[in-house]
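Notes for the one structure printed next.
Per chain, numbering begins at 1; letters A, B, ... match sequence-line order.
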Amino acid sequence: MPGLFPDLPIQHTPKRNDIALLHKLQCRVCPLAQINNLHPDMPASGAEDPLVYILGEAPGKDEDIEGKQFVGESGQLLRPNIPREFRNRVRFNNVVRTRPWKNETPSPTAIECCRPSIIKDIERSKPRAIFGFGNVPLTWVSGFSGITMWRGRRMPVRVGTHTCWYYPMLHPAFLLRQGREGKASISELQKFFILDLKKAWAEVEDLPAAQVHTPDDVFQDIECLYDPVRIENSLRWAAEQPDIGVDYETNMLRPYGPKARILTIAVANEERGIAFPLDHPEAEYTPRQRDMVAGSWKRFLLTAKGRKWVHSLAFELEWTGVHFGRELIRAGRWRDTSNQAAIIDERRGKQKPGPFSLEFLVQQYFGINLKKLTNVDRKKLASTPVEIVCLYNGGDARYHKHLGIAQAKVIKGLGLQEANRLAQRRVPTVVLSTIKGIPVRQEVVARLRKKYAKRIEIVTRKIFKLPQVKQFNAENKDRFVPLEPKNVIYVLNDIMKRKECRTVNKWTDKVEYSSEEDVLKKIGGKFCNLILRLRKSVKRKSTYIDPLFIGDEDCVVHADGLIHPIYNTYFAETGRLSAEDPNIQNVPKRDEEAKEVREQIAALLDYLIAAFDYGQIEYRVIGMFTKDKTLVKALWENFDVHGDWARRIAHRYPARIGGKKFLNDVKVMKDFRTDIKNQWTFPLFFGAKLESAAGYLKIPPENLTKEYDIFWQHFAGVKQWQEDVHRFYDKHGYVECLTGRRRHGPLSPNQIINSPVQGSAAEIVLDAMCRLSELDDWEYQPEINIHDDLTFVRAPEKRIDEFSEKIIDMMIDVPFEWAKVVPISVEMSYGKNWLNMEEVGTFFSHQWRK
DNA sequence: AAGACGTGCGCG
DNA sequence: AAAGCGCGCACGTCTT
């Protein structure tokens with residue numbers, strides 16, 4: 001039986017010497033041999049000459065009684081999913097052939113004792129593929145864990161002398177256990193269990209021969225060069241190759257500042273690899289020689305004929321742009337293998353190494369662990385001997401190329417070339433935004449820092465004077481920590497006896513405690529208000545102010561006085577960008593006081609900050625997807641759908657707005673319209689049920705059943721589309737946005753609806769961002785993307801009209817055919833700093849004159 | 001000292 | 001996991 005948490009890595013691995021001994025002595029030293037089992041040491045069963053080798057974890061109770069694998073509950077889930085025509089062509093075995101005590105996950109010792117006999121059986125029976133169920137066989141065969149990230153993939157493996165394919169599958173016992181514990185996702189996971197098996201059976205007979213790469217494949221013919229002339233000549237060879245892997249090793253993560261160095265550079269394909277130092281401390285170049293090498297490298301980048309494959313291209317491009325020149329960012333044909341990986345399978349996972357890492361992907365495609373071959377600490381490269389760094393660098397570069405070619409083939413097979421093209425195109429665009437950077441006004445930073453430091457001090461002092469806190473300190477041995485939710489909950493629940501902090505989980509019936517803002521606001525009083533004030537002040541200071549202060553230890557302002565936020569193009573599973581270091585996408589804007597942190601971002605002399613928002617972009621995308629008559633018409637005619645529903649619902653249930661007398665109150669109805677937009681129209685479009693929407697609105701659902709029905713009669717096309725998307729998902733296991741970019745399950749019902757909408761909106765905005773960037777005019781390179789917003793912090797003040805007209809032109813003209821069913825709108829605002837932004841106007845595609 | 005995890009909160 | 005969805009980051013606790 002697999003553990004409760006299927007991705008848990010197997011711990012306490014025995015040491016290498018001990019493993020050899022366990023392999024030699026096998027059952028004689030196996031801890032499981034001590035257990036009184038009916039069928040210990042269970043032999044494999046099934047076909048002698050199998051197509052597929054079904055490998056489980058260990059026998060369970062029923063298996064032990066019958067002496068056969070997969071005959072219990074797990075077998076009942078698995079066996080019906082073996083197609084009839086394959087029933088006589090499978091062989092069954094487990095990683096451990098004796099039932100562990102109480103079905104515990106087998107210990108590493110037991111696994112190693114059993115390993116030789118399993119290997120022998122696989123070598124003898126020579127299956128085309130192994131279907132491995134659960135984390136244990138996955139780790140057994142590959143050393144990797146994290147079955148939920150590995151499922152749905154396949155990798156070549158070498159077991160003893162036999163090479164074949166390995167399919168990581170969820171373990172049926174895990175699905176059964178989830179079901180018993182009443183987890184809602186049971187059917188969802190089961191669906192993928194069945195889908196994975198179906199996919200595997202469909203292709204298993206026609207698989208090409210599996211190939212596992214060897215350490216020789218990785219390091220053969222990789223030369224480390226130290227002579228500038230030989231480097232120049234070798235780069236001429238590299239520039240002629242149709243496909244070449246490229247990789248840098250650097251001493252820092254970011255390229256800014258005087259200490260940032262590219263240590264070594266490597267280019268490689270399967271036939272040859274060359275790696276050489278640039279600024280590695282051991283490089284013995286004269287200054288002239290060093291410049292020669294840099295010159296040769298620039299020439300290579302400009303003249304390379306083939307595709308340059310890089311894993312995490314944004315990293316190499318940022319260094320390239322800063323150290324060799326911005327023009328090289330679009331030179332030749334850069335390709336990103338991590339973006340490819342995300343197009344094929346966007347699951348990010350939280351386990352390390354994650355599915356976007358080179359280590360994971362090389363294991364998946366080539367059956368070898370690249371990182372384990374070289375015992376190099378990536379954080380200490382500057383003090384690692386240069387020839388070792390070069391070798392390591394060359395091996396990585398080679399696999400960038402291998403991975404690129406392998407993934408390109410998969411992408412073609414899936415018909416995802418267009419989605420991939422759009423994904424690749426984003427990389428140079430966002431890197432240029434990153435490099436361009438955003439100026440920070442230190443005097444504003446310093447002022448705000450002082451203000452909030454003082455406030456935090458005062459509020460903290462007041463908190464410790466409160467009687468509740470004094471009582472807390474008397475009753476507990478540890479002092480009250482105001483920012484610790486558990487401590488706050490203790491005060492609310494045990495001292496103040498307030499029930500507002502308790503909720504019963506709808507799904508599990510468990511009592512849960514919370515000290516979040518809503519709860520504290522509901523309770524009110526000195527304690528709650530002070531805690532809230534402290535939280536908000538600390539958040540503002542440490543998230544939005546301190547990191548901008550030059551001198552702070554986590555300062556994100558670089559040596560050039562700018563912040564250079566990194567945009568990730570493939571982290572958000574819907575295809576949005578995400579930003580970090582700092583996250584420029586979540587700077588306060590709504591809260592009247594909190595938004596003052598925006599003043600820290602200000603335009604330089606003669607420039608303005610100009611922001612361009614796509615108006616209601618997701619709403620328009622729903623129109624593009626559904627072509628719903630009512631919705632499309634409303635968009636063309638600028639009809640106020642939210643206002644319309646605000647009126648309808650206010651008439652149905654006037655109590656919500658304070659009574660009938662407010663039906664004609666402009667202010668009240670305007671506020672109510674906002675509520676309707678956020679708590680009715682949008683949630684319903686995104687898949688919310690009547691109960692949820694009514695709950696948000698605080699109107700009893702029974703008062704809204706009629707409106708709910710009318711709503712969906714009205715927007716029948718939207719309803720139809722929601723049902724279609726669900727059907728598509730049930731069949732394929734993924735949904736797609738309007739460019740074909742996919743998002744795979746498991747997904748919740750609402751994610752199924754939301755993902756295509758959010759994803760398509762992101763494609764529209766990113767396409768505009770790319771087109772602006774591709775103008776190749778630094779002025780039109782946006783510095784900031786906030787999902788539906790492109791912001792320029794260097795808009796030329798004197799030519800602002802001409803400048804913004806050009807940008808609106810570009811943004812409004814969405815080139816995708818599927819986008820043309822509805823009009824597009826762009827809202828513009830500008831100002832001297834990011835706080836005081838003045839709205840200029842809203843521009844519609846169908847009213848826009850050039 | 002570094003990482004994982006939970007809670008909370010900022011944005012679209 | 002579900003909660004309309006998607007993120008990053010700070011703080012605090014606990015583990016290695």
Round to the nearest Å and state the distance from [X] atom [atom1] to [N] atom [atom2].
| X | N | atom1 | atom2 | result |
| --- | --- | --- | --- | --- |
| A/D581 | C/dC7 | CG | P | 17 Å |
| A/L534 | C/dC11 | CG | P | 11 Å |
| A/L766 | C/dG6 | CG | P | 18 Å |
| A/Y452 | B/dG10 | OH | P | 11 Å |
| A/I584 | C/dG8 | CD1 | C1' | 12 Å |
| A/N785 | C/dC7 | CG | C1' | 12 Å |
| A/L532 | B/dG8 | CG | P | 11 Å |
| A/D552 | C/dC9 | CG | P | 14 Å |

Give one of base, sugar-phosphate or nothing for [X], where a contact means two heavy atoms less than 4.0 Å apart.
| X | result |
| --- | --- |
| A/F682 | nothing |
| A/Q751 | sugar-phosphate |
| A/A579 | sugar-phosphate |

Using a cut-off of strictly less than 4.0 Å, decide whether [X] has a side-chain nitrogen or oxygen near OP1 or OP2 of [N].
| X | N | answer |
| --- | --- | --- |
| A/T574 | C/dC5 | no |
| A/T543 | C/dC9 | no |
| A/K536 | B/dG10 | yes |
| A/S755 | C/dC5 | no |
| A/R590 | B/dC11 | yes |
| A/N750 | C/dA3 | yes |
| A/Q585 | B/dG10 | no |
| A/R743 | C/dG6 | yes |

### Task
Could you work out the separation of C/dA3 and B/dA4 based on their C1' atoms and round it to a whole Å?
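Each nucleotide's C1' atom is 24 Å from the other's.
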### Task
Determine the Euclidean distance between corresponding P atoms of C/dA1 and C/dC7; express it in Å to zero decimal places.
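These two P atoms come out 14 Å apart once rounded.
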For [X], does the [atom1] atom have more than 12 heavy-atom neighbours from other residues, nucleotides or ligands under 6.0 Å away?
| X | atom1 | result |
| --- | --- | --- |
| A/E553 | CD | no |
| A/Y830 | OH | no |
| A/E512 | CD | yes |

### Query
Ignoring hydrogens and angles, does a donor from either the side chain of A/N583 or the base of C/dG8 sit under 3.5 Å from an acceptor on the other?
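Answer is no: no donor-acceptor pair is held.
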Go through [options] for me and flag the one nearest to the [X] side chain.
| X | options | value |
| --- | --- | --- |
| A/E484 | C/dG6, C/dA2, C/dG12 | C/dG12 |
| A/I786 | B/dG12, C/dA3, C/dG6 | B/dG12 |
| A/E517 | C/dG6, B/dG10, C/dC9 | B/dG10 |
| A/K589 | B/dC11, C/dC5, C/dA10 | B/dC11 |
| A/P485 | B/dG10, C/dC7, B/dT7 | B/dT7 |
| A/V538 | B/dG10, B/dG12, C/dC11 | C/dC11 |
| A/R535 | B/dG8, C/dG6, B/dG10 | B/dG8 |
| A/P588 | B/dC11, C/dC9, C/dC5 | B/dC11 |
| A/R348 | C/dC5, C/dG8, B/dG12 | C/dG8 |
| A/D788 | B/dG12, B/dA4, B/dC9 | B/dG12 |

### Task
Run the numbers on A/S760 and A/F625 for side chain to side chain contact (heavy atoms under 4.5 Å, CB included), then give the verdict.
CA-CA 9 Å; A/S760 304; A/F625 259 115; 3.3 Å; yes
### Message
Looking only at the aromatic ring of each residue, does the gap between the centers of A/H642 and A/F682 stay below 6.0 angstrom?
### Response
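Yes, ring centres under 6.0 Å apart.
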### Query
Do the ring planes of A/F472 and A/F480 sit parallel (below 30°), tilted (30 to 60°) or perpendicular (above 60°)?
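If you compare the ring of A/F472 with that of A/F480, the planes turn out perpendicular.
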### Query
If you draw the axis of the six-membered ring of A/F464, does the NZ or CZ of A/R479 fall within 45° of it and under 6.0 Å from the ring centre?
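Output yes; distance and angle both within limits.
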